[in-house]
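As C-alpha cells, the structure follows; a few thoughts come after it.
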Amino acid sequence: MRDFTQTRRSTLKMLAAGTGILAAPSIIRPAMAQSKVVNITTYDKFVPQSFIDQFQKDTGIEVRIRLTDDQGKQYNLLAAEGNAPSTDIVTVTGHRLSQFITSNLLAPLDTGRIGNWNKLAPAYAGAPQLTIDGKTYGVPLLAGFEGLVRNTEYTKPSDSWEIMFDPEYKELTSYIVSDFLSIVMRYQGSDGDYVTYEGKDAIAQEATNKARDYLISQKGQVRKYYDAGSEVQQMFVNEDIYVAQAWSGPAAKLIMDGHPIELSIPKEGTYGFLYSFNVVNNAPNAEAAYQFLNAMLASPEIGAAMSRQSGFASAFAGVDTVLDEKERAAMTLPDEQMQRIQFFSSVNRKMKNDMIDKATAEVKAG
C-alpha cells in the first residue's frame, strides 16, 4: 500500500486479483545459495525500520524489502516465478489465502520453528482464517475493520449502525458505498459476506436488493460518498460530516492527531481483514525467513511500532501495555467489541463482487 488512507480498492483489492508490477525500492535477486538474506514483499510502513536495523545487526542477515500495494500483484509475481521464487515472505490477507494455497505458492508454517509463537494475542494465535486443512499458513500481523466513526463533540453515543440514518445527522454522514452496503446487509440481518449464499443466487440477490433499496431511500442523509480514506479524514477535520463508516486505519490516524473522534464496532457487528506474513513455497532462504518471523514476535514493542505506522490493530500480545493512552484509544477496542468482527472469508467471492459492484452503481445512480 502506498499509505493507510487509500481507497477501498487499494486497501482491499484483495477481493479481486490485480495486475501490474511490484514497486522495488531495492532489487531482490534470486538468492540461490545465499544464507544471509531474507527477501520480503510487503506493504509500505508494515515493518519498522528500527526493527530491520536491529535484526540485521543481531543476525547478520540482510533484509531486502520489496513494496507492493495489491494482493493480486503478489499473486501474479509468485505464479510467474513458479518453483524459483525471488522472495521468501509475502503478506497475504486471510480471505485471499486459499487462492495462493490452491496454486501451491505458500508453504505450511512450521510453528515449532518459531519459538515466540506463544507471544501472539490469544484471539489470533489460532486464527481460523489462517488455517486450512489443519495447517497454519501465516503469522498474524495486523487487523483492520470497518468501524462507526463519529465526532464526539457533535453526536450522541451510539452502539448501533442506526445512527447513520438518524435524521438529526441529515447531510452529515458519509461512507464508501460498496463497503457500507455489506454492513447494511448485516444490519438488516442478512449475510453481507455472502458465505451462506453459495449456490443460492436468488436469496443473495434479494438480500442485496433490500440493502440497495434502503440506501437509495436514505440518500438524503449523505453529505458525500467517498472513496479514499484521506477524503473522509478531511471531511471530519473540516466538520463537513459528523458520522461515517470508515476503515480503522484512517480513523485511528484522526484520533492520534488529536481530533475529537471515536471509533467503535456497533452491536450489529462489522467486517474485517487480517494481514499475515507467509513463507513462500520453495523459499530460497527459508531458514532466514523463520529467524525473521521469530524475532518479529519477540516483544510487544515491535507490534506497537507496526500499529503506530499503519494505524491498524496488532495481533501481538501485550501491545496495549506499550501504547500510551491516546494510542490505545486509537488502536484498541474492548474485547466485547472486537468479538463483533467477522473476518472476510474466501468463500463465494465472485458472487459477492458481482452483486456488490452492480448494487453500488445502482445506489450511486438512484
Side-chain angles (χ1 to χ4, degrees), residues 7-18 70-72 75 92-103 127-133 143-148 160-162 164-165 173-219 221-222 225-227 244-247 265-274 339-366:
T7 65
R8 174 246 188 184
R9 289 299 186 185
S10 63
T11 302
L12 278 183
K13 271 189 177 176
M14 308 95 183
L15 301 181
D70 177 58
Q71 292 281 290
Y75 176 84
V92 182
T93 53
H95 59 286
R96 285 293 296 272
L97 203 61
S98 62
Q99 180 189 20
F100 285 74
I101 294 171
T102 300
S103 298
Q129 59 270 42
L130 299 181
T131 303
I132 295 181
D133 294 333
F145 58 87
E146 297 182 68
L148 175 64
S160 172
W161 286 109
E162 186 175 356
M164 294 286 290
F165 312 110
T173 71
S174 186
Y175 49 82
I176 300 172
V177 178
S178 54
D179 291 342
F180 193 52
L181 196 138
S182 289
I183 293 291
V184 172
M185 290 176 67
R186 188 179 180 105
Y187 171 74
Q188 293 176 329
S190 303
D191 179 3
D193 201 32
Y194 292 72
V195 174
T196 60
Y197 297 146
E198 193 169 17
K200 302 176 181 177
D201 293 44
I203 296 175
Q205 192 63 68
E206 181 181 0
T208 305
N209 292 346
K210 181 180 178 181
R212 175 203 63 192
D213 293 345
Y214 188 68
L215 286 182
I216 291 174
S217 74
Q218 296 290 320
K219 290 188 77 167
Q221 286 292 117
V222 185
Y225 300 134
Y226 76 92
D227 292 309
Q245 163 269 330
W247 287 96
I265 301 174
K267 62 185 179 183
E268 297 90 358
T270 192
Y271 296 105
F273 58 91
L274 181 63
Q339 293 298 322
R340 298 170 179 174
I341 300 174
Q342 178 181 332
F343 288 101
F344 288 125
S345 170
S346 61
V347 174
N348 213 21
R349 291 301 85 199
K350 186 178 187 305
M351 176 193 284
K352 177 180 179 179
N353 292 342
D354 290 347
M355 291 191 179
I356 289 288
D357 287 349
K358 184 175 183 291
T360 294
E362 291 167 343
V363 169
K364 291 181 177 179

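In this chain, numbering begins with 1 at the start of the sequence shown. Side-chain atoms are counted along with the backbone in the values below, which use heavy atoms only and exclude waters and symmetry mates.
Residues meeting the side chain to side chain donor-acceptor pair (under 3.5 Å) test with D191, sequence neighbours left out: T196. Listed by chain and number, the residues in a side chain to side chain contact (heavy atoms under 4.5 Å, CB included) with T360 are V177, S178, I356, K364 (sequence neighbours excluded). With sequence neighbours excluded, the residues satisfying side chain to side chain contact (heavy atoms under 4.5 Å, CB included) with T131 are T136. Annotation: side chain to side chain donor-acceptor pair (under 3.5 Å) contacts of Q339 (sequence neighbours excluded): none. Looking at residues two or more places apart in sequence or on another chain, you find a ring pair (Phe, Tyr, Trp, His ring centres under 6.0 Å) between Y225 and Y175. T208 meets the side chain to side chain donor-acceptor pair (under 3.5 Å) test with Y194; sequence neighbours excluded. Under the rule for a side chain to side chain contact (heavy atoms under 4.5 Å, CB included), the partners of E268 that lie at least two apart in sequence or sit in another chain are S160, W161, Y187, P266. Remark: R186 pairs with Q342 by the side chain to side chain donor-acceptor pair (under 3.5 Å) rule, at least two apart or across chains. In this structure F145 satisfies the ring pair (Phe, Tyr, Trp, His ring centres under 6.0 Å) test with no other residue, sequence neighbours excluded. In terms of the side chain to side chain contact (heavy atoms under 4.5 Å, CB included) criterion, residue partners of A246 (sequence neighbours excluded) are, by chain and number, V149, Y226, V232.
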Walk me through it: do T270 and I341 pass the test side chain to side chain contact (heavy atoms under 4.5 Å, CB included)?
-> CA-CA 5 Å; T270 192; I341 300 174; 4.0 Å; yes
Output, in order, the C-alpha distance, side-chain angles, deciding distance and verdict of side chain to side chain contact (heavy atoms under 4.5 Å, CB included) for Q99 and V92.
-> CA-CA 10 Å; Q99 180 189 20; V92 182; over 6 Å; no
Check step by step if side chain to side chain contact (heavy atoms under 4.5 Å, CB included) holds for Q218 and Y214.
-> CA-CA 6 Å; Q218 296 290 320; Y214 188 68; 3.9 Å; yes
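Here the closest non-hydrogen pair linking M185 and G192 is CB-CA, 3.9 Å. In terms of heavy atoms, G94 sits closest to L130 at CA-CD2, 4.3 Å.
Applying the salt bridge (charged side-chain N to carboxylate O under 4.0 Å, His left out) test between R349 and each of D193, D354, D357 identifies D193 as the sole match.
Residue pairs meeting the salt bridge (Lys or Arg N to Asp or Glu O under 4.0 Å) criterion with at least one partner in residues 194-207, sequence neighbours excluded, are absent. Identified under the salt bridge (Lys or Arg N to Asp or Glu O under 4.0 Å) test for residues 209-218, with sequence neighbours left out: R212-E362.
Rounded to the nearest 0.5 angstrom, L148 CG and I183 CD1 are separated by 10.0 Å. Interatomic distance, L97 CG to I132 CD1, rounded to the nearest 0.5 Å: 4.5 Å.
Distance alone, capped at 3.5 Å, is enough to place a donor-acceptor pair between the K219 side chain and the V363 backbone. Of the possible donor and acceptor atoms, one in the side chain of Q71 sits under 3.5 Å from a partner among the backbone N and O of T93. At least one donor-acceptor pair under 3.5 Å links the side chain of T173 to the backbone N or O of Q221.
By the 30° and 60° cut-offs, the orientation of the rings of F273 relative to W247 is tilted.
Within a 6.0 Å sphere centred on CD of E162, other residues, nucleotides and ligands contribute 12 heavy atoms or fewer.
Under the 6.0 Å cut-off for aromatic ring centres, F344 and Y271 qualify, their centroids lying closer than that.
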